[in-house]
Amino acid sequence: MTDSSKPTLLVVDGHSLAYRAFFALPVDNFTTKDGQHTNGIYGFLSMFVNLIKAEKPTHLAVAFDTSRQSFRTREYSEYKANRSESPAEFKGQIPLLQECLAAMNVTVLTKEDVEADDILATLATQGAADGFDVLVCSGDRDTIQLVTDDVTLLYPSVQGVSQLKRYTPDAVVEKYGLPPENYPDIAALVGETSDNLPGVPKVGEKTAVKWLTQWGTLDALLENADKIGGVVGGNLRDHLDDVRRNRTLNRLLRDVELPVAPADLAVGPIDAEAVRDIFARLEFRTLLPRVFEAAGADPAMAVETAAPAVPAPTAGEPDAAGLAEWATAQTGEVGVSVIVAGGFPQRIGLASADAAVESTWDDDVAAALRDWLESDAPKVLNDAKQQVKALRRAGIRLGGLVFDPLLAGWLLRPSFPDKSLADLVHRYLDEKLPESDPAQLVPETEGATPGQLSWFVLRVADALRGELPASVARVLTEIELPTLGTLADMELAGVSVSHEKLSTFSAELGARSDDIAQRAFATIDREVNLGSPKQLQEVLFEQLQLPKTRKTKTGYSTDAAVLADLQESNPHPFLELLLQHREATKLRQIIESLDTAIAADDRIHTTYVQTGSQTGRLSSTDPNLQNIPIRNEESRRIRAAFEVGEGFETLLTADYSQIEMRIMAHLSEDPGLIEAFVSGEDLHRFVGARVFGVDPEEVTPAMRTKVKAMSYGLVYGLSAFGLSKQLRIEQSEAKQLMLEYFARFGSVRDYLRSSVEQARIDGFTETIFGRRRPFPDLASPNRVLRENAERAALNAPIQGSAADIMKIALVNIHEEFRAQGLRSRVLLQIHDELVVEVSTGEWDAAERIVRDRMGDAADLTVPLEVQIGRGGDWDVAGH
DNA sequence: CTCGGGACGTA
DNA sequence: CGTACGTCCCGAGA
């Protein structure tokens, strides 16, 4: 037991423990979707938090080796020379582990020319002298020499890093028969295979201990080596130098110069935001609460963030007139927070830099504030869309929205969208937003009031503005904020969907999938759950003995591509039926989820997540209307259920043709590609003619398919391997195709190469309009990670520019419809397509506006071509 | 009950 | 060994 009155210093050898974890944990279970291996990090941290929870250290440090070179390798070049190079998969984890520790506010120590254990020895020695109870945690047996009454060693057992054995002086004596300070003598005699330090042949621990007990010290033993008989005595005499060398090398340095003393290592509060970020990157989920728990278990490690330096102003509660008076008197920006309940405003709070007011929302407040809310007076709202929607339901169209911290935060860091004001307050103000605990009936802490929220919103906005590069600030002001208002209207409008059409189709599919299932069961003489990949694997690979397919984390793949391959090589009726069953049930699921999403107004109101992608695209949820099937004839019946609403004349669909290839032509300035688009010829026919050296009319469908796949693949960073797989052609042919392609469109290759190179230099990519996306992994030593980043970086400016263009077009169309007093409205955006509900008599005007505003949304070196369709439902309109 | 994985729909 | 998303179901673990 440690003396509870003394502070406890815990020092850990990060390298050796992470290395053990690396081999103990299966890498398959610890790889991020990007391919970063995390088993060493996970295993170390898991052990580490358990250790903190159990030992509750007051002071803490983790030491790492800097390299394999140290003073020991200089003294004895063979030192550790038998160790194979540690795998690259492990090395790449060390910087990330150090990042985790930094986020947890744990001091990380390294020093050139010494090993981690020397740092531990130094800290342990100083700590004991300074009155600490010291815990040393290392996987290197040499640290046994550090054990004293004040220093306890925690050593991982053979079971792995989760079990730690405690070495006190008594425990050392019990295990080795000698006190800790003699352990290096034993080790010097026996040798240490893992350090490539050979000892005396045939001498093990037993003999070493016997000798040392007999002679008292190693020196005495070595001096009297000639008195020892037998073969082992001879061996000892032959290896005296080895033993002396071993003893020199296994003595840990206790006087390494360090930038810190034990007292400087006091455990501090963890940086909750940073921990969340790095853990999210590493895809650690279960570990996150454990870290917080371990941190919370000790007040010294508690997650705490400073209270605001200046407390939030107490919000006044004037009456409706007073509220309006306060608002109109403001000359600067005003923070606004509308508390929404059931889709309508419930409370509203306003704040300036030093004052706040708030009120419950009622008709009087709405009437009093309407003019100001609708005016251009500058306002800042966080996550404004839902508040804008609530106000519109209450008959007020918010004006003067100049900033939204949530959007700004996403533009700065699209890979970690901060989800709430609290996240933003923490990250950008380093303060804690007062929040009441919803789990408590009577909350201990008061949450911020609407007026105070608004005050925080304003301050976060200021902090964010300071970080936004000018080009990104323009994207916010000119693209994102106007888009926000447009999306609010689109969501409120919703799209009319026929319950009848859906339910008829669903019933058909239900009957069909049951029938298919029965027939499938008949072919294998038993019933299984066709929706269970696990049960399917049993059927396919055990019962039917089909050849094993692509490996997955949990076994072998049974996806559609794999099943199609199997059907070709090993035909079996079950395979075809399974595919049909998948198709029918998938469609049915989509239909059912759409059906349940139809609201009381017979329309579906999706939610567009403006911060939902890393490239600048929107995403759509509850339900997702951006993935409604279209690829086969039957699935289009789903689109047919999306109808023009009552009181409107028709649906209009408008989509950009080949917008990404056009952006590629613009960015690469490739003369051939530009000519293709300017000529107005079918793109793939034109490209095919160039690549295959024939006239455009001689391009066969097969040739067209190939160049089409090639062109689209370019935008994604497709390899020859991928191209060959997709086209089911030889890799050599795919390679040849790429060579021919680039021979004719060389600037495309130049552009793609240089854009990734520029991103490597800048650390980010940029769209035509200045939207940025950071790519830290372009510099990663991990090849998988780096190459993934390269493909994403290749794609980001193209996909992102397309997203920018569509947003600009969408906003312009929406605003022109309103400016011209049309009832027609945009309902849906599906990345490069818009669905518009056209009011009676407005077709010509609407069609012209859509075509023009999509066509002139960006000024590229190639024209933006738009295809328009018309019909009473989405299926017809989309043709 | 939550969570990860597999599968699959779209651009 | 092709970018960007969201949703469903299953099965494992709490």
Side-chain angles (χ1 to χ4, degrees), chain A residues 28-33 35 283-286 288-289 414-415 528-537 550-563 578-579 581-583 585-594 596-597 606-609 611-632 635 638-639 655-660 709-726 731 734 765 773 783-784 787-800 802-803 806 828-834 878:
Chain A
D28 285 353
N29 299 352
F30 296 94
T31 306
T32 69
K33 59 180 187 308
E283 298 173 10
F284 294 160
R285 287 165 196 93
T286 53
L288 193 59
S415 57
V528 294
N529 184 339
L530 296 174
S532 162
K534 189 165 175 257
Q535 294 181 34
L536 286 177
Q537 286 175 40
R550 180 170 57 83
K551 274 208 163 193
T552 66
K553 274 190 176 180
T554 53
Y556 299 94
S557 172
T558 65
D559 71 19
V562 155
L563 294 181
L578 175 58
L579 282 168
H581 185 262
R582 284 237 178 101
E583 199 177 320
T585 50
K586 177 75 181 175
L587 280 186
R588 185 144 186 259
Q589 281 163 13
I590 292 172
I591 292 165
E592 286 302 314
S593 68
L594 288 176
T596 52
T606 185
T607 302
Y608 289 104
V609 184
T611 58
S613 81
Q614 301 195 47
T615 52
R617 277 188 176 183
L618 302 173
S619 72
S620 159
T621 65
D622 303 314
N624 181 355
L625 295 186
Q626 291 180 323
N627 70 343
I628 303 303
I630 191 172
R631 296 214 170 138
N632 65 57
S635 67
I638 299 179
R639 293 200 166 213
D655 61 271
Y656 279 120
S657 59
Q658 297 129 356
I659 187 166
E660 294 191 337
M710 174 77 205
S711 289
Y712 277 109
L714 279 179
V715 179
Y716 303 140
L718 188 68
S719 63
F721 177 89
L723 186 64
S724 74
K725 212 174 53 169
Q726 192 199 322
Q731 243 189 92
T765 59
R773 177 175 171 188
R783 206 184 81 189
V784 176
E787 290 180 349
N788 286 343
E790 284 170 355
R791 285 191 299 274
L794 195 102
N795 174 261
I798 299 170
Q799 190 185 117
M806 182 49 116
L828 302 176
Q829 189 258 41
I830 308 98
H831 308 307
D832 65 359
E833 174 187 4
L834 295 178

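A note on names: the letters A, B, ... follow the listed sequences, proteins ahead of strands, and every chain is numbered from 1.
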message = Output the rounded distance in Å from CD (A:Glu592) to P (B:dG9).
response = 17 Å
ask   = Which part of the nucleic acid, if any, lies within contact of A:Thr585, taking any heavy atom under 4.0 Å across all strands shown: a base, the sugar-phosphate backbone alone, or nothing?
value = nothing
ask   = So what does A:Ala560 hit on the nucleic acid, given a heavy-atom distance under 4.0 Å: a base, only sugar-phosphate, or nothing?
value = sugar-phosphate
message = Using the ring-ring contact (aromatic ring centres under 6.0 Å, His included) criterion, which residues pair with A:Tyr712? Sequence neighbours excluded.
response = A:His684
ask   = Which sits closer to the 5' end of DNA chain C, A:Asn788 or A:Thr621, going by the nucleotide each is nearest to?
value = A:Asn788
ask   = Using a cut-off of 4.0 Å on non-hydrogen atoms, how would the nucleic acid contact of A:Arg773 be classed: base, sugar-phosphate, or nothing?
value = sugar-phosphate
message = What is the distance, to the nearest angstrom, from the OH atom on A:Tyr712 to the C1' atom on B:dT10?
response = 14 Å
message = Tell me the interatomic distance from A:Asn632, atom CG, to B:dT10, atom C1', rounded to whole angstroms.
response = 13 Å
ask   = With distance as the sole test, does A:Arg639 use its side chain to make a donor-acceptor pair with the main-chain N or O of A:Ile628 at under 3.5 Å?
value = yes
query = Which part of the nucleic acid does A:Gln799 contact within heavy-atom distance under 4.0 Å: base, sugar-phosphate only, or nothing?
reply = base
inquiry  = Please confirm whether the shortest side-chain N or O distance from A:Ser635 to OP1 or OP2 of B:dG9 is below 4.0 Å.
reply    = no
task = Remember a base hit wins even if backbone is also touched, and classify A:Arg791 as base, sugar-phosphate or nothing at under 4.0 Å, heavy atoms.
result = sugar-phosphate
inquiry  = Mind checking if A:Lys534 touches a base, just sugar-phosphate, or nothing, with heavy atoms under 4.0 Å?
reply    = sugar-phosphate
inquiry  = Output the rounded distance in Å from NZ (A:Lys553) to C1' (B:dA7).
reply    = 15 Å
Span of DNA chain C in contact with chain A (heavy atoms, under 4.0 Å) = C:dC1 to C:dA12
message = For A:Asn624, give me all partners under side-chain contact (heavy atoms from CB on, under 4.5 Å), at least two apart in sequence or on another chain.
response = A:Ser620, A:Gln626, A:Asn627
query = Quick one: is A:Thr552 getting a side-chain N or O under 4.0 Å of the B:dG6 phosphate, OP1 or OP2?
reply = yes
inquiry  = Suppose the criterion is salt bridge (Lys or Arg N to Asp or Glu O under 4.0 Å): which pairs have a residue in residues 619-632 of chain A, not counting sequence neighbours?
reply    = none
query = Rounding to a whole Å, what distance do you find between A:Leu578:CG and B:dA7:C1'?
reply = 11 Å
ask   = Touch check for A:Ile798, heavy atoms < 4.0 angstrom, all strands: base, sugar-phosphate only, or nothing?
value = nothing
request  = May I have the distance from A:Gln535 (atom CD) to B:dA7 (atom P), rounded to whole angstrom?
outcome  = 14 Å
query = Would you say the side-chain atoms of A:Thr606 pair up with the backbone N or O of A:Pro623, donor to acceptor, closer than 3.5 Å?
reply = yes
key: Rounded interatomic separation in angstrom, taking CD1 from A:Ile590 and C1' from B:dT10   = 9 Å
message = B:dT10, OP1 or OP2 - any side-chain N/O from A:Arg631 closer than 4.0 Å?
response = yes
task = Can you tell me the distance, in whole Å, between the CG atom of A:Leu530 and the P atom of B:dG6?
result = 19 Å
query = Checking all strands, does A:Gly713 fall into the base, sugar-phosphate, or nothing category for heavy-atom contacts under 4.0 angstrom?
reply = nothing
task = Mind checking ring-ring contact (aromatic ring centres under 6.0 Å, His included) for A:Tyr608 and listing every partner two or more places apart, or none if nothing turns up?
result = none
inquiry  = Between A:Asn795 and A:Val715 (side chain of the first, backbone of the second, donor and acceptor by atom type, cut-off under 3.5 Å), is there such a pair?
reply    = yes
ask   = Which is true for A:Glu833 with a 4.0 Å heavy-atom rule: it touches a base, it touches only sugar-phosphate, or it touches nothing?
value = nothing
For A:Glu833, side chain to side chain donor-acceptor pair (under 3.5 Å) partners two or more places apart = A:Trp874
